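In what follows, a single structure is set out as structure tokens and then discussed.
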Protein chains: 4
Amino acid sequence: MPDVAVLGASGYAGAIAATLLHRHPYFKLSHVTARSESGAMLEAIHPRTRVPLLLEDYDPAVQGDADAALVCWPHGVAAPAVAALRERGVRVVDLSADFRLRDRATYDHWYGRHGAPELFGAGVYGLPELYREAIAASDLVANPGCYPTAALLGLAPLARAGVIEDVVIDAKSGVSGAGREPSRTTHFIAADENMTPYKVEGHRHTPEIEQELAVLGASRPISFTPHLVPLAQGELVSCYVTASRTLTDSELADLYREAYEDERWVELALGPPGVLEVRDTNYCRISVHVDGRTGRVLVFSSIDNLWKGAASQAVQNLNLMFGRDESEGLT
Amino acid sequence: MPDVAVLGASGYAGAIAATLLHRHPYFKLSHVTARSESGAMLEAIHPRTRVPLLLEDYDPAVQGDADAALVCWPHGVAAPAVAALRERGVRVVDLSADFRLRDRATYDHWYGRHGAPELFGAGVYGLPELYREAIAASDLVANPGCYPTAALLGLAPLARAGVIEDVVIDAKSGVSGAGREPSRTTHFIAADENMTPYKVEGHRHTPEIEQELAVLGASRPISFTPHLVPLAQGELVSCYVTASRTLTDSELADLYREAYEDERWVELALGPPGVLEVRDTNYCRISVHVDGRTGRVLVFSSIDNLWKGAASQAVQNLNLMFGRDESEGLT
Amino acid sequence: MPDVAVLGASGYAGAIAATLLHRHPYFKLSHVTARSESGAMLEAIHPRTRVPLLLEDYDPAVQGDADAALVCWPHGVAAPAVAALRERGVRVVDLSADFRLRDRATYDHWYGRHGAPELFGAGVYGLPELYREAIAASDLVANPGCYPTAALLGLAPLARAGVIEDVVIDAKSGVSGAGREPSRTTHFIAADENMTPYKVEGHRHTPEIEQELAVLGASRPISFTPHLVPLAQGELVSCYVTASRTLTDSELADLYREAYEDERWVELALGPPGVLEVRDTNYCRISVHVDGRTGRVLVFSSIDNLWKGAASQAVQNLNLMFGRDESEGLT
Amino acid sequence: MPDVAVLGASGYAGAIAATLLHRHPYFKLSHVTARSESGAMLEAIHPRTRVPLLLEDYDPAVQGDADAALVCWPHGVAAPAVAALRERGVRVVDLSADFRLRDRATYDHWYGRHGAPELFGAGVYGLPELYREAIAASDLVANPGCYPTAALLGLAPLARAGVIEDVVIDAKSGVSGAGREPSRTTHFIAADENMTPYKVEGHRHTPEIEQELAVLGASRPISFTPHLVPLAQGELVSCYVTASRTLTDSELADLYREAYEDERWVELALGPPGVLEVRDTNYCRISVHVDGRTGRVLVFSSIDNLWKGAASQAVQNLNLMFGRDESEGLT
């Protein structure tokens with residue numbers, strides 16, 4: 001039973017990752033860390049985890065004895081911790097953005113100085129449905145951002161078919177996406193009965209989506225705008241695709257069926273997917289339609305931002321890295 | 001003091017219209033009707049109205065003694081009632097879609113048989129910020145749909161400037177937009193913590209938006225997709241505009257300032273507008289941005305779907321039709 | 001692997017029961033029924049179940065081949081179905097009120113004519129923490145009401161200690177407690193941002209709580225008033241107990257620790273329990289306090305009304321009836 | 001037109017008070033202050049106010065030129081500001097707890113050192129329905145707490161009739177009651193889909209309710225426990241009264257009708273009152289019932305905690321203090 005540490009277990013994604021690993025039939029959750037709440041039991045901070053482990057301070061000499069680690073820290077501070085753990089031979093799934101991008105200038109532009117430049121670009125992009133083999137062979141996996149997960153699973157079949165001329169992505173997320181730190185934005189009174197676009201001048205997930213779309217075959221800049229909606233967990237990505245040639249509904253349906261019929265965690269829905277249908281699961285649920293009037297292809301893709309968009313996808317990646325069934329502990 | 005009747009006062013928009021007219025300094029609310037709940041007091045059905053009037057059955061001989069009527073009925077059934085009231089000389093603001101479209105074939109395609117063909121096209125499109133004079137001169141005003149109100153106020157300056165090459169509209173609405181009839185969709189358990197695209201195959205507000213955009217100078221088909229979000233009242237329209245020429249932020253700001261600086265009910269926001277900021281008001285709140293990476297113009301426009309998107313805009317129109325200050329009773 | 005049928009799987013509790021049994025390591029979900037939605041797949045009606053079984057019409061000759069059944073029907077109609085299944089030797093957990101009460105006149109007063117009088121009183125009251133052995137020995141278990149589950153687990157230690165002189169129970173429930181049928185009450189617009197007492201003239205769970213409190217040693221009539229609050233699942237019961245003698249906080253703590261320290265599904269919380277902490281679980285979470293100023297004992301008890309208050313408790317009972325670990329399939 | 005200052009206009013109650021005064025036909029809003037956000041426009045901080053006034057630092061020499069002030073500050077710091085304003089002859093409605101209690105030891109026990117001991121007890125308790133004349137004659141009014149407002153209006157007729165033997169108050173409040181400062185408790189993710197009792201060891205509104213009940217004729221200690229529920233504004237108080245003699249429903253109805261038939265802002269409801277019915281209003285809505293089984297009297301009383309529970313009641317008091325119709329500016 002490999003030991004796994006979760007760094008940053010007091011955040012939302014970290015707490016769910018810890019819960020999944022605590023119940024996991026193969027892995028053993030051996031360490032949980034928190035910056036400001038160390039010394040408390042995880043289940044005292046997050047009762048729903050029911051994980052009776054003490055939150056430790058981060059210390060690579062301590063958590064470095066684990067076989068693997070999920071790093072649930074913000075970008076910038078994640079990279080040095082990842083580097084320290086990798087030095088000790090710990091296999092890492094990093095949930096920050098630090099190892100997702102492959103172009104250094106792009107990283108610097110959107111995120112600033114990288115915290116472990118020697119490792120920059122060393123991670124495999126951890127979207128199992130697209131890069132399963134590379135993930136299985138890797139010791140450092142960069143878990144995708146929540147919006148990129150939903151967007152890329154939604155758009156991959158079109159991108160691979162080479163038909164994406166242009167795409168507008170209008171994304172909507174529940175409030176957990178803004179993190180656990182209390183703020184004006186996450187105050188109940190600010191979020192309740194409200195919805196607002198945010199980061200309209202540019203969101204950091206934009207270059208990540210573009211990078212991966214380019215790999216898949218669609219290299220045009222995209223428009224991506226996220227919105228905050230009054231619910232806890234759930235993310236819906238509405239993609240408006242201008243196609244380079246006319247597509248029929250049945251052609252589209254075939255394209256997506258072929259892409260995903262063997263995928264355990266991608267569901268093709270007949271009607272537009274709601275986020276409640278994937279709440280607390282590792283599923284991504286997708287529907288695709290041709291807008292008969294404009295010829296645009298509409299793709300709707302929903303996930304739970306804390307699960308498939310973060311914690312459960314990290315466990316899915318960890319399963320792959322250890323040669324296990326990727327769904328173990330997720331059902 | 002002109003007498004005003006509200007037909008369909010048991011619906012959400014009708015109840016708010018009745019409330020506004022009941023407190024109005026100039027008009028006198030003389031009749032309220034309801035189909036299945038007649039005989040009850042309006043305030044017993046909708047306590048928040050605090051309107052102690054008996055809900056009557058619809059009878060043109062009864063409500064036809066009013067000087068004006070707000071018809072808050074669904075399309076199809078609204079038209080014959082409007083016709084009957086007009087015959088008796090009653091000035092009408094119709095909140096249904098029956099008099100909004102000007103092309104008969106388009107109406108038939110989206111709505112079916114018209115209930116008063118002789119009056120088809122006789123209404124003035126009731127968006128005061130665009131058609132103030134025509135409204136003031138009219139006896140039959142077609143109150144705009146909620147999504148068209150937000151979309152058209154958001155896009156009008158660009159359309160008039162002739163720079164709209166293409167536009168994708170991603171719209172989000174609270175649950176009151178689905179009406180007061182209990183249904184699977186409006187059940188709390190279905191809507192709470194959920195969000196879903198709907199009518200992805202085509203929503204009836206599409207031709208209405210296209211018709212009015214064409215009048216303003218933008219005649220291309222649009223992509224319009226609405227989404228249901230878990231809040232009561234509020235509508236946000238996110239418009240992704242491909243412009244026919246490069247626009248700067250300051251050019252855009254000027255365009256919108258010129259268009260709206262004298263408009264009492266349109267607010268230009270520095271940041272993206274939330275729907276809470278316009279809740280229970282007649283305001284439309286707009287922000288506009290250039291997406292530097294793609295050159296697209298992003299327009300966000302928020303209203304309260306039951307107020308500016310229905311009831312308060314109807315009263316604004318009624319004020320104009322009677323030569324009053326259009327803001328009377330709305331502040 | 002015993003076959004289990006879920007009657008009424010299209011309701012909220014039935015759908016969760018079906019989900020739990022579908023994933024259960026021991027039982028096999030063999031039938032799901034629905035009255036008006038038969039012919040559809042359960043997962044089409046309730047995507048979150050991910051149960052790919054066809055909803056059948058109820059037919060005792062069909063579902064009667066199962067080894068056990070969970071009957072998730074309303075009172076009145078449940079009893080005859082239970083009788084028909086029992087005749088075929090099917091072991092039954094009935095989630096309705098039909099077999100909970102032991103006094104026929106009380107049943108008639110609160111529920112009307114019983115649908116299978118010959119079986120009246122034949123059920124064992126299915127609160128495992130109180131009646132584990134009797135449940136294990138029974139073929140017909142009456143699954144408790146949601147409020148009684150929370151109230152009785154909260155009050156049992158005090159009742160058994162013989163110190164309850166009087167008790168006021170103020171209960172709060174999420175909207176799923178009102179069932180899946182769309183209605184004025186369950187409409188999003190009626191429930192959202194609202195809370196209301198209901199059934200203030202008397203709620204049917206009152207005699208059920210009184211019956212079981214009397215068994216435990218507290219036989220005074222109680223005051224019980226439920227309230228509807230704007231959330232999906234979760235129930236909080238606040239009990240204000242006038243004690244027959246002075247109790248200290250440490251005495252109370254001992255009493256509850258002794259009662260529940262070996263109970264897997266009862267958690268004693270240091271602070272007052274929230275409903276989110278037990279969401280989607282079989283847990284009941286309790287805190288107990290002495291009000292120093294009045295001497296009253298305050299007991300707060302929270303459950304998920306659809307889980308411990310219905311579906312998961314039914315599976316817990318089923319486990320016991322088949323000699324399994326009562327927690328199997330619930331973790 | 002008397003000038004009025006609002007101290008603490010960046011809080012929820014202060015912002016609403018400023019809005020009401022800004023639109024008030026008689027008063028002129030001359031100053032708004034904020035501690036950490038001075039220098040900004042109030043409408044930039046709280047767009048819904050649409051008050052284009054600059055938030056000032058508190059300075060008694062500046063705001064002391066007003067004729068009246070609403071002090072929307074926390075207890076402790078409010079008292080010295082009130083004293084400074086009173087010295088300059090400013091008439092004050094204080095929304096803190098500093099001038100509500102009349103027993104110094106009780107104040108010290110619950111709140112700590114008083115910030116202006118020389119003024120302790122100098123305020124009139126500002127519940128207009130109970131103390132209209134004294135308020136009109138006073139220059140310093142202590143605006144009641146939100147829970148006491150709902151509880152006292154609900155219980156006053158019974159207390160005056162001398163029939164209250166004992167009372168349990170179970171109170172529920174929306175999240176705005178917890179104030180505008182971001183915290184773990186007010187984070188959307190903590191409050192959404194949750195409800196929790198709080199301050200079970202004793203809430204500061206308890207002595208306030210007891211003090212005023214004693215004045216009215218009921219001098220026994222009460223049990224009072226508040227709960228947090230997931231909505232923005234609204235407070236429901238459920239009172240379980242043990243009466244000293246048997247009361248009939250019609251006797252009760254008469255008692256309440258006599259007490260409130262001439263009160264503009266108290267509504268007697270036939271069924272149990274929801275908080276949505278009083279949202280954004282100065283109304284208190286009450287229903288009263290006899291529990292036939294126990295003889296207890298059940299009183300349900302709902303208000304908007306920010307309006308009748310704070311800001312609009314403060315304006316109601318201000319109207320009285322200046323000899324105006326107490327409803328001016330509130331309709």
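Keep in mind it's a predicted model, so treat the numbers as computed, not measured.
For A:Ala191 against D:Phe188, the heavy-atom pair with the smallest separation is CB-CD1, 3.8 Å. Minimum interatomic distance between A:Leu231 and D:Asp192 (heavy atoms only, all atoms of both residues): C-OD2, 4.4 Å. When all heavy atoms of A:Val175 and D:Ile189 are compared, the pair lying nearest together is C-CD1, 4.0 Å.
One distance of note links CZ of A:Arg180 with CZ of D:Arg184; it measures 4.0 Å at 0.5 Å rounding.
Residue D:Gln233 does not touch chain A at all, counting heavy-atom pairs closer than 4.5 Å. For A:Glu193, no part lies near chain D; criterion is any non-hydrogen pair under 4.5 Å. Both the backbone and the side chain of D:Thr186 come within less than 4.5 Å of a heavy atom of chain A. Of the atoms belonging to A:Ser176, heavy atoms from both backbone and side chain fall under 4.5 Å from chain D.
Remark: D:Tyr198 engages D:Tyr147 in a side-chain hydrogen bond (donor to acceptor under 3.5 Å, both in side chains) (not counting sequence neighbours).
Although no hydrogens or angles enter the test, the distance criterion places no donor-acceptor pair under 3.5 Å between the side chain of D:His187 and the main chain of A:Ser183.
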